[in-house]
Amino acid sequence: MSKIGFIGLGIMGRPMAGHLLDAGHELVTVKRGTLDATLAEKGMRELDSPRAVAEQAEVIITMVPDTPDVEQVLFGEGGVAEGLKPGTLVIDMSSIAPIATQGFAKRIHEAGGEYVDAPVSGGEGGAINAALTIMVGATEEGFSRAKPILEVMGKTITHIGGHGAGQTCKVANQIVVALTIEAVAEGLLFASKAGADVAKVRESLLGGLAQSKILDVHGERMIKRTFDPGFKIKLHQKDLNLALEGARSLNLALPGTANAQQLFQACVAHGGEDWDHAGILRALEALADHEVGH
Ligand SMILES: NC(=O)c1ccc[n+]([C@@H]2O[C@H](COP(=O)([O-])OP(=O)(O)OC[C@H]3O[C@@H](n4cnc5c(N)ncnc54)[C@H](O)[C@@H]3O)[C@@H](O)[C@H]2O)c1
């Protein structure tokens, strides 16, 4: 069993940390007002800084929102790098920029650690059920060291390639998810405006070629109008921005992604940054009805 520093106890991090505790690992985190009673009862302790976490842990996992957050935790004042012990395994499970990831990996390796990017897919449900899909960028050694820990939180764990390759895979995932959510929202909006029973439409489509997990889970959210997050629109917008930045540097046209990014941006502009990403339906409804947020 390992002593693990787990930084980032949000929608995803909380259940993921819970599984590691249940598997017998010892867990510490940074003081941030996010350690809930369940994790505390299972023995998770708070320390003052990421540096203090690094001084104690053999493995450090980050699950924070964005690239600057990972940079701050690892290399900011009082950050992980200041307390890193030789051989410490640093696993970033956040969804962040692939190119920045390569830089973070280089700096951690220069400081004597081993860096692994291991972003996830499967949403809050996947985190709660320890059924995440995990996309890994690492050396062979980093992957074999991280795998037993990742297996506690996920079911499908794939070594995609070297540092940053896990994050590249995650960006591709987010393109597919965004466009599928938009397709489901447009299909259901069309059916609704044409006077059909959208619950019956979803049920029917789930038996045909249009079947998908997103039609199932997000389609249900759209019909029940449950837009509390799951996955916050502002985080998915961050991922689509990463996709478009990457596409620009590759001189690559991704018109569907650009369009979906604009719909997410419209939601954020109208106060929907913390809606679930199924809330993209509201942006489409606004285009139809000239009204947002009903
Ligand atoms: N929610 C999902 O369905 C989902 C699915 C797959 C991937 N992701 C990705 O996982 C990451 C986390 O997502 P989430 O939904 O759990 O986000 P969240 O906003 O619910 O949680 C993020 C947590 O990080 C903490 N945090 C931020 N900066 C920190 C810092 N400097 N030090 C310590 N803690 C810090 C916040 O306090 C918060 O508890 C994101 O990169 C997201 O894109 C989310």
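First listed ligand is number 1; within each ligand, the first listed atom is number 1.
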Inset, instruction - Given ring pair (Phe, Tyr, Trp, His ring centres under 6.0 Å), test Phe231 with His236 step by step and report yes or no. - result: CA-CA 7 Å; Phe231 185 48; His236 206 150; 5.4 Å; yes
Legend entry - Lys170 and ligand 1 - part of the residue with a heavy-atom distance under 4.0 Å: side chain
Legend entry - Hydrophobic cluster membership, Leu206 vs Phe190, 4.5 Å side-chain cutoff: no
Legend entry - Closest protein heavy atom to atom 8 (N) of ligand 1, given as residue, atom name and distance to 0.1 Å: Phe231 CE1, 3.9 Å
Inset, instruction - Could you grab the distance from atom CD of Glu77 to atom CZ of Arg51, nearest 0.5 Å is fine? - result: 10.0 Å
Legend entry - Pair Asp92, Thr62: side-chain N/O donor-acceptor within cut-off below 3.5 Å: yes
Legend entry - Ile7 N/O under 3.5 Å from ligand 1 N/O: no
Legend entry - Thr88 (side chain) donor-acceptor with Val59 (main chain) under 3.5 angstrom: no
Legend entry - Distance-only N or O hit between ligand 1 and Pro65, under 3.5 Å: yes
Inset, instruction - Measure His236 to ligand 1 on non-hydrogen atoms and call it side chain, backbone, both or neither using the 4.0 Å cut-off. - result: neither
Legend entry - For atom 1 (N) of ligand 1, closest protein heavy-atom neighbour: Gly230 O, 3.1 Å
Legend entry - Sub-4.0 Å heavy-atom contact, Arg14 with ligand 1: no
Inset, instruction - Report yes or no: does Lys232 have a heavy atom closer than 4.0 Å to ligand 1? - result: yes
Legend entry - Val120, any N or O under 3.5 Å of ligand 1 N or O: no
Inset, instruction - State plainly whether one hydrophobic cluster holds both Leu240 and Ile99, where clusters connect Ile, Leu, Val, Met, Phe, Trp and Tyr through side-chain heavy atoms under 4.5 angstrom apart. - result: no
Inset, instruction - For Met63, take its heavy atoms, then give the atoms of ligand 1 lying under 4.0 Å from any of them. - result: 10 (O), 11 (C), 12 (C), 24 (O)
Legend entry - Cluster check Ile60, Met153: I/L/V/M/F/W/Y, side chain < 4.5 angstrom: no
Inset, instruction - Examine Val30 against ligand 1 and note whether any of their N/O atoms are separated by less than 3.5 Å. - result: no
Inset, instruction - Please say whether Asp66 places an N or O atom under 3.5 Å from an N or O atom belonging to ligand 1. - result: no
Legend entry - ligand 1 atoms in contact with Leu9 (distance to a heavy atom under 4.0 Å): 39 (O)
Legend entry - Between Ser2 and Glu26, a side-chain donor and acceptor under 3.5 Å: no
Legend entry - Proximal ligand 1 atoms for Val64, defined as those under 4.0 Å from one of its heavy atoms: 11 (C), 12 (C), 24 (O), 26 (N), 29 (C), 34 (N), 35 (C), 40 (C), 41 (O)
Inset, instruction - Pick, from Lys238, Met16, Lys234, the option with the minimum heavy-atom distance to atom 43 (O) of ligand 1. - result: Lys238
Legend entry - Point-to-point distance, once rounded to the nearest 0.5 Å, from CD of Gln174 to SG of Cys169: 10.5 Å
Legend entry - Best match, Ser95, Pro68, Gly125, Gly10: closest heavy atom to atom 21 (O) of ligand 1: Gly10
Inset, instruction - Please determine if Gln72 has a nitrogen or oxygen closer than 3.5 Å to a nitrogen or oxygen of ligand 1. - result: no
Inset, instruction - For atom 5 (C) of ligand 1, find the nearest protein heavy atom and state the residue, atom name and distance (0.1 Å precision). - result: Met12 CE, 3.5 Å
Inset, instruction - Return the option from Thr133, Leu235, Thr29 holding the heavy atom at the smallest distance from atom 13 (O) of ligand 1. - result: Leu235
Inset, instruction - Please write down residue, atom name and distance for the protein heavy atom closest to atom 30 (C) of ligand 1. - result: Arg32 NH1, 3.2 Å
Inset, instruction - Could you check whether the rings of Phe264 and His277 sit parallel, tilted or perpendicular, using 30° and 60° as the cut-offs? - result: tilted
Legend entry - Distance under 6.0 Å and angle within 45° of ring axis: Arg221 vs Phe227: no
Inset, instruction - Please state which part of Thr34 comes within less than 4.0 Å of ligand 1, counting heavy atoms only: side chain, backbone, both or neither. - result: side chain
Inset, instruction - With rounding to the nearest 0.5 Å, note down the distance linking CD in Glu245 to CG in Leu250. - result: 12.0 Å
Inset, instruction - List every atom of ligand 1 that sits less than 4.0 Å from any heavy atom of Glu124, numbering the atoms from 1 in the order shown and giving each element. - result: 3 (O)
Legend entry - Numbered atoms and elements of ligand 1 in range of Val73, under 4.0 angstrom, heavy atoms: 30 (C), 31 (N), 32 (N)
Inset, instruction - With heavy atoms only and a cut-off of under 4.0 Å, state how Ile11 meets ligand 1: side chain, backbone, both or neither. - result: both
